[in-house]
Amino acid sequence: AHFDPAFAAMLDGARHCYAIFDHDVLVGCTSWYAHDAPNKAVAIGGTFLAPAVRGGPFNLRLKRLMIEHARACGIVRIVIALRPGITYAI
């Protein structure tokens, strides 16, 4: 139930979507949304990963990469959307 509306939002053009590869294997997708250019803000979320890479160090590296990319684009405010029960130390 959670997957369908979130995935539809990624396809409706309101989000900037990224495919996620582990070497040459497609393992998921993530997105930027709620981009607020005047305030240099963006949200990161809607991340769907294959079970083999879900959680653990791969997901942490992905979030860090997304943050580094946002900073390189001049973003200074980043919201990371988390599902209940998910914790990160970034």
Side-chain angles (χ1 to χ4, degrees):
H2 169 74
F3 180 81
D4 291 336
F7 196 71
M10 293 178 82
L11 297 175
D12 73 5
R15 294 178 180 233
H16 188 102
C17 301
Y18 297 89
I20 303 167
F21 288 84
D22 185 9
H23 301 283
D24 61 346
V25 178
L26 178 65
V27 295
C29 59
T30 192
S31 65
W32 273 16
Y33 63 98
H35 184 214
D36 179 359
N39 291 307
K40 300 179 181 178
V42 73
I44 297 171
T47 303
F48 298 97
L49 295 173
V53 296
R54 199 174 292 156
F58 186 91
N59 197 15
L60 182 58
R61 286 193 312 268
L62 170 63
K63 296 298 188 234
R64 286 184 175 152
L65 179 64
M66 293 291 287
I67 291 168
E68 289 170 10
H69 179 62
R71 296 282 188 224
C73 292
I75 302 295
V76 297
R77 293 177 183 88
I78 302 168
V79 174
I80 298 177
L82 304 175
R83 290 188 326 253
I86 305 292
T87 58
Y88 292 99
I90 297 179

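Count residues from 1 along the sequence.
- The minimum heavy-atom distance linking Ala34 with Ala43 is given by the pair CB-CB, 4.3 Å.
- For Asp36, the side chain to side chain donor-acceptor pair (under 3.5 Å) partners two or more places apart in sequence, or in a different chain, are Asn39.
- Taken to the nearest 0.5 Å, the CG atom of Leu49 stands 5.0 Å off from the CD1 atom of Ile20.
- Partners of His16 according to the ring-ring contact (aromatic ring centres under 6.0 Å, His included) rule, which considers only residues two or more places apart in sequence or in another chain, are Tyr18.
- Shortest non-hydrogen contact noted between Ala70 and Trp32 is CA-CZ2, 3.5 Å.
- Taking all atoms of both residues into account, the shortest heavy-atom contact from Arg15 to Ser31 is NH1-OG, 3.0 Å.
- Within the hydrophobic cluster formed by Ile, Leu, Val, Met, Phe, Trp and Tyr side chains joined at under 4.5 Å, directly or through other members, Phe21 is accompanied by Leu26.
- When the side chains of ILVMFWY residues are joined at heavy-atom separations under 4.5 Å, either directly or via intervening members, Ile80 and Ile75 end up in a single hydrophobic cluster.
- Using a 4.5 Å cut-off between side-chain heavy atoms of Ile, Leu, Val, Met, Phe, Trp and Tyr, with links allowed through other members, Leu62 and Val25 fall into the same hydrophobic cluster.
- Cluster annotation: Tyr33 and Met66 are assigned to distinct hydrophobic clusters (Ile/Leu/Val/Met/Phe/Trp/Tyr, side-chain heavy-atom contacts under 4.5 Å, transitive).
- With hydrogens and angles left out, the side-chain atoms of Lys63 and Thr30 include no donor and acceptor closer than 3.5 Å.
- The backbone N or O of Val42 lies less than 3.5 Å from no partner atom in the side chain of Arg77, so there is not a single donor-acceptor pair.
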